[in-house]
Chemist: 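After the structure tokens below, expect a handful of questions from me.
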Amino acid sequence: AATSSPIQQDFMQCMSTQFSAYTKSFEIIFTPDSSLYTYIFQSTVQNPRYLNATTSKPLLIITPFHESEIQAAVVCSKKYDLQIRVRSGGHDYEGLSYLCKTPFIIIDLINMRSIEINVEDEVAWAQSGATLGELYYAIAKKSSVHGFPAGLCPTVGIGGHFSGGGFGTLLRKYGLAADQVVDAYLVDVNGRILDRKAMGEDLFWAIRGGGGASFGIILSWKIKLVRVPETVTGFTVSKTVENGATELVHRWQYIASKLHEDLFIRILILHVGTGDKKAIKASFNSLFLGKIDRLIPLMNEIFPELGLRAEDCSEMSWVESTIYFAGFPKGSPLEVLLDKRQLYKSFFKAKSDFVAEPIPIYALEGIWDRLVEEEIAIMIMDPFGGKMDEISDSEVPFPHRNGVLYNIQYMVKWEVIGVKATNRHVHWIRSLYKYMAPYVSRSPRGAYVNYRDLDLGTNNLENTSYFEAATWGLRYFKGNFKRLAEVKSRVDPGNFFRNEQSIPPVPTSG
Ligand code: FDA
């Protein structure tokens with residue numbers, strides 16, 4: 001790689017002397033002079049909203065093949081007082097894996113994506129740079145009766161997803177991705193590689209939902225595979241308000257978290273049509289861990305209002321269901337799960353809530369009125385209950401468990417670049433969020449860290465106190481925030497691994 005400034009030269013010199021295993025046979029360090037620098041910088045950015053002329057760029061991007069290169073990068077970044085941004089899949093909603101206001105480097109784990117499946121022991125090791133799609137594909141190549149409970153979008157990176165919790169269609173049966181992690185390798189602030197035993201139970205607890213970026217660089221994860229039937233069923237039934245969508249959504253709130261845990265029915269709400277013809281549409285999108293002949297009687301018993309018919313349903317393998325939920329056309333080859341092009345890349349802003357009491361009809365109607373104000377606004381309602389009710393709030397840092405009926409994600413997308421357009425859409429979603437306050441969890445109002453939202457509060461550029469950070473920390477982690485800060489104090493007291501919403505150490509004075 002070409003070098004363009006003394007600090008970059010010093011850094012590379014440091015890298016090559018740090019560890020003997022550091023190899024120069026592959027190009028792994030890219031400076032702004034490198035022809036590939038911009039391409040790599042932008043390659044996995046999911047929300048291009050943050051890519052503009054004023055975005056501060058990394059001094060270097062490192063794309064390690066070997067863990068020793070990451071160890072070297074940590075030691076050298078500390079030596080030259082550079083911040084590190086770690087990127088796995090690049091899906092962070094606020095760009096925290098590649099943006100920083102002070103001089104920084106990116107460690108992009110794009111080349112660290114191996115996955116080893118051990119069907120006999122029902123476990124797998126997956127490197128952080130692999131995607132969920134690659135994981136689902138690798139499992140399916142080895143077994144038709146195993147799956148993994150993680151998110152719906154195949155290009156999401158394992159590193160960010162597991163370290164923030166991670167949920168998808170198997171949530172009601174098996175909980176979060178983080179609930180199934182049994183070991184991990186991490187590079188700590190001193191450049192040491194630690195497994196579960198070496199890092200200790202506190203740190204191992206913290207990286208399973210507390211956001212990995214605060215504690216080190218997680219190299220790989222050992223996960224338990226979960227059992228799924230050979231045949232599962234998917235269905236999507238869509239209704240407009242004219243066809244009773246409001247009443248169905250209202251009714252769904254009472255039953256979705258109480259259903260048999262084999263049944264997951266989420267709702268996607270958006271509007272169809274334009275101008276005066278805009279109509280709200282609710283799509284009931286479901287995975288059932290069984291066949292149609294078991295599903296239909298179950299639905300007739302508990303949710304007859306939806307009127308589900310056998311012809312609305314498709315039987316498929318579990319891995320085919322991951323393709324179905326990702327929105328690929330029916331009959332797509334399994335290899336679409338390996339496609340690295342991001343499916344839903346767009347400018348967006350999102351927010352999240354947890355709901356503990358059904359929202360009344362009049363309030364749902366108020367939401368619909370707001371959704372039609374935007375061109376592309378989506379509300380996703382993911383049911384909880386089942387296994388989520390059985391796991392304690394403090395088992396891992398993700399605290400939104402028993403009593404949560406469902407999670408809401410609000411998202412607004414747009415295509416016009418520019419501050420004015422951005423401000424308009426962001427203002428819209430903030431106003432919807434304000435409107436929702438009386439109907440969602442309170443004291444604190446919960447939020448999901450993987451749907452990162454910097455509106456909840458951010459750290460200062462330098463050190464932020466535990467109490468300042470609590471404004472957003474308690475909302476993501478509730479009572480677990482304190483323990484996360486205590487772990488942070490022990491493993492990274494100097495707050496080297498930090499970003500706008502990293503866990504701060506607890507002040508020594510208490
Ligand atoms: P990215 O690489 O941007 O990292 C996110 C954060 O984790 C950053 O702070 C980063 O520094 C840190 N990090 C990444 N790798 C690390 C490592 N190895 N060690 C330490 N820190 C690391 N969620 C969900 O639960 N269910 C779902 O179905 C979906 N679906 C979905 C669809 C789409 C289109 C998007 C954009 C996002 C989702 N998500 C989701 C949210 C997703 O889980 C969340 O954005 C993850 O953090 C993304 O992980 P990446 O590795 O891709 O992000």
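Note that the structure is predicted; figures quoted are calculated from it, not measured.
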Chemist: What distance separates N499 CG from S214 OG, expressed to the nearest 0.5 Å?
Modeler: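 Reported value, rounded in 0.5 Å steps: 6.0 Å.
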Chemist: Looking only at heavy atoms, what is the nearest atom pair of Q180 and P149, with distance?
Modeler: CG-CG, 3.7 Å
Chemist: Distance-only, no hydrogens or angles: does the Q253 side chain make a donor-acceptor pair with backbone N or O of I359 under 3.5 Å?
Modeler: yes
Chemist: I'd like to check the ring-ring contact (aromatic ring centres under 6.0 Å, His included) partners of H425; sequence neighbours left out, ordered by chain and number.
Modeler: W414
Chemist: Carefully, step by step, assess S489 and E486 under the rule side-chain hydrogen bond (donor to acceptor under 3.5 Å, both in side chains).
Modeler: CA-CA 5 Å; S489 309; E486 285 163 0; over 6 Å; no
Chemist: State the CD1-CG distance between I28 and L60, to the nearest 0.5 angstrom.
Modeler: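 Going from CD1 on I28 over to CG on L60, the span is 10.5 Å.
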Chemist: Judged by atom type as modelled, is there a donor-acceptor pair below 3.5 Å linking the side chain of Q127 to the main-chain atoms of S114?
Modeler: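 Yes: the side chain of Q127 pairs with the backbone of S114.
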Chemist: Would you mind writing out the side-chain donor-acceptor pairs for residues 434-441 within the sub-3.5 Å range, not counting sequence neighbours?
Modeler:
| residue | atom | partner | partner atom | Å |
| --- | --- | --- | --- | --- |
| Y435 | OH | A363 | O | 2.8 |
| S441 | OG | F354 | O | 3.4 |
| S441 | OG | G446 | N | 2.9 |

Chemist: Regarding Q71 and S68, is there a side-chain donor-to-acceptor distance under 3.5 Å anywhere?
Modeler: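 No.
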Chemist: Please indicate whether N423 has more than 12 foreign heavy atoms, meaning atoms of other residues, nucleotides or ligands, lying under 6.0 Å from its CG.
Modeler: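 Yes, CG of N423 has more than 12 neighbouring heavy atoms, counting only those of other groups under 6.0 Å.
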Chemist: Does the salt bridge (Lys or Arg N to Asp or Glu O under 4.0 Å) test come out yes or no for R401 and D179, once each step is laid out?
Modeler: CA-CA 12 Å; R401 302 275 189 172; D179 293 330; 2.9 Å; yes
Chemist: Just checking L454: does its CG atom have more than 12 heavy atoms from other residues, nucleotides or ligands closer to it than 6.0 angstrom?
Modeler: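 Above 12, so yes.
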Chemist: Answer whether the closest heavy-atom distance between the side chains of I70 and L109 falls below 4.5 Å.
Modeler: yes
Chemist: Is there a donor-acceptor contact under 3.5 Å linking the side chains of S465 and E468?
Modeler: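 On atom types as modelled, these side chains qualify, holding a pair under 3.5 Å.
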Chemist: With rounding to the nearest 0.5 angstrom, report the CD1 to OG distance, I107 to S77.
Modeler: 6.0 Å
Chemist: Is there a side-chain contact between R498 and D492 in this structure, where contact means two heavy atoms from C-beta onward sitting under 4.5 Å apart?
Modeler: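 No. Closest side-chain heavy atoms not under 4.5 Å.
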Chemist: For F348, is there any backbone N or O sitting under 3.5 Å from a side-chain donor or acceptor partner on S346?
Modeler: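 Not confirmed, S346 side chain does not pair with F348 backbone.
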Chemist: Does K222 come within less than 4.0 Å of D195, counting only side-chain N to carboxylate O?
Modeler: no
Chemist: So, do F11 and I62 sit near enough that their side-chain heavy atoms are less than 4.5 Å apart?
Modeler: yes
Chemist: Is the NZ or CZ atom of K351 positioned over Y433's six-membered ring, under 6.0 angstrom from the centre and within 45° of the axis?
Modeler: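 Positive - K351 is close enough to the ring of Y433 and near enough to its axis.
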Chemist: Looking only at heavy atoms, which two atoms of V86 and S97 are closest? And how far apart?
Modeler: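 Taking every non-hydrogen atom into account, O-CB, 3.3 Å.
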Chemist: Given the side-chain rings of F30 and F41, with only the six-membered ring counted for Trp, is the space between their centroids under 6.0 Å?
Modeler: no
Chemist: Kindly compute the distance separating SG (C76) from CD1 (I105), expressed to the nearest 0.5 Å.
Modeler: 8.5 Å
Chemist: Would you indicate whether K224, at its atom NZ, is surrounded by more than 12 heavy atoms from other residues, nucleotides or ligands within a distance under 6.0 Å?
Modeler: no
Chemist: Considering only residues two or more places apart or on different chains, which pairs with a residue in residues 163-173 satisfy side-chain hydrogen bond (donor to acceptor under 3.5 Å, both in side chains)?
Modeler: K173-D262
Chemist: Does any N or O in the side chain of H400 come within less than 3.5 Å of the main-chain N or O of Y476, such that one atom is a donor and the other an acceptor?
Modeler: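 Confirmed, H400 side chain pairs with Y476 backbone.
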Chemist: Would you check if L371 and I269 make a side-chain contact, meaning some heavy-atom pair closer than 4.5 Å?
Modeler: yes
Chemist: What are the two closest non-hydrogen atoms of G165 and L176, and how far apart are they?
Modeler: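 Closest approach of G165 to L176: O-CB, 3.8 Å.
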Chemist: Is the backbone of S5 close enough, under 3.5 Å, to the side chain of Q8 for a donor and an acceptor to pair up by distance?
Modeler: yes
Chemist: Between the side chain of D121 and the main-chain N/O of V123, is any donor-acceptor distance below 3.5 Å?
Modeler: no
Chemist: Using salt bridge (Lys or Arg N to Asp or Glu O under 4.0 Å), reason through R452 and D92 one step at a time and then give a plain yes or no.
Modeler: CA-CA 7 Å; R452 193 183 309 279; D92 193 278; 2.9 Å; yes
Chemist: For the residue pair R49 and Y93, establish whether any side-chain heavy-atom pair is separated by less than 4.5 Å.
Modeler: no
Chemist: Short question: side chain of N111, backbone of F65 - any donor-acceptor pair under 3.5 Å?
Modeler: no
Chemist: How about T131 and Y136: do any of their side-chain heavy atoms sit closer than 4.5 Å?
Modeler: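 The answer is no; the side chains never approach within 4.5 Å.
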Chemist: Taking S56 for its side chain and C100 for its backbone only, find out whether a donor-acceptor pair lies under 3.5 Å.
Modeler: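 Side chain of S56 to backbone of C100, a donor-acceptor pair under 3.5 Å: yes, one is there.
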Chemist: Take atom CD in E201; do more than 12 heavy atoms of anything else shown fall under 6.0 Å from it?
Modeler: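 Buried by this count: over 12 neighbours within 6.0 Å.
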Chemist: With no hydrogens and no angle check, is any side-chain donor or acceptor of Q501 less than 3.5 Å from a backbone partner on G457?
Modeler: yes
Chemist: Taking 4.0 angstrom as the limit, do E375 and K413 come out as a salt bridge?
Modeler: no
Chemist: Could you list all the ring pair (Phe, Tyr, Trp, His ring centres under 6.0 Å) pairs where at least one residue sits in residues 182-212, not counting sequence neighbours?
Modeler: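 Pairs touching residues 182-212 that pass the test: W125-Y185.
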Chemist: I'd like to know if D453 pairs up with K349 as an ion pair, taking the criterion as any Lys NZ or Arg NE/NH1/NH2 lying under 4.0 Å from an Asp or Glu carboxylate oxygen.
Modeler: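 Salt bridge present between D453 and K349.
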Chemist: Can you tell me if R85 uses its side chain to pair, donor with acceptor, with the backbone of I106 under 3.5 Å?
Modeler: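 Checking the backbone N and O of I106 against the side chain of R85, no donor-acceptor pair under 3.5 Å is found.
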Chemist: Would you call P383 and F264 a side-chain contact if the rule is heavy atoms closer than 4.5 Å?
Modeler: yes
Chemist: Please walk me through it: do R430 and D455 pass salt bridge (Lys or Arg N to Asp or Glu O under 4.0 Å)?
Modeler: CA-CA 9 Å; R430 285 181 183 155; D455 289 353; 2.9 Å; yes
Chemist: Counting only heavy atoms not in E116 (residues, nucleotides, ligands), do more than 12 fall under 6.0 Å from its CD?
Modeler: no
Chemist: Any side-chain donor paired with an acceptor under 3.5 Å for S128 and W221?
Modeler: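 A donor-acceptor contact under 3.5 Å links the two side chains.
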Chemist: Would the Y50 and Y98 ring centres measure less than 6.0 Å apart?
Modeler: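 Ring centroids of Y50 and Y98 are no less than 6.0 Å from each other.
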Chemist: Inspect the surroundings of NZ in K78 and state if more than 12 heavy atoms from other residues, nucleotides or ligands are less than 6.0 Å away.
Modeler: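 Yes, the 6.0 Å shell around NZ holds more than 12 heavy atoms from other groups.
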Chemist: Can E261 and K387 be counted as an ion pair, charged N to O under 4.0 angstrom?
Modeler: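 Between K387 and E261 there is no salt bridge, as every charged N stays at least 4.0 Å from the carboxylate O atoms.
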Chemist: For the residue pair F162 and F148, is the inter-centroid distance of their aromatic rings smaller than 6.0 Å?
Modeler: yes
Chemist: For E357, enumerate each residue passing the salt bridge (charged side-chain N to carboxylate O under 4.0 Å, His left out) test, keeping only those at least two apart in sequence or located in another chain.
Modeler: none
Chemist: About how many Å separate CD1 of I408 and CD1 of I367, when rounded to the nearest 0.5 Å?
Modeler: 6.0 Å
Chemist: Go through the steps to decide whether N407 and Y451 satisfy the test side-chain hydrogen bond (donor to acceptor under 3.5 Å, both in side chains), and finish with yes or no.
Modeler: CA-CA 11 Å; N407 169 263; Y451 299 156; 4.6 Å; no
Chemist: With R266, which residues qualify under salt bridge (charged side-chain N to carboxylate O under 4.0 Å, His left out), at least two apart?
Modeler: none
Chemist: Less than 6.0 angstrom separating the ring centers of W472 and F477, yes or no?
Modeler: no
Chemist: Is there a side-chain contact between F497 and K488, using heavy atoms and a 4.5 Å cut-off?
Modeler: yes
Chemist: Less than 6.0 angstrom separating the ring centers of F398 and Y448, yes or no?
Modeler: yes
Chemist: Let me confirm one number: the CD1-CG distance from I218 to L194, rounded to the nearest 0.5 Å.
Modeler: 11.5 Å
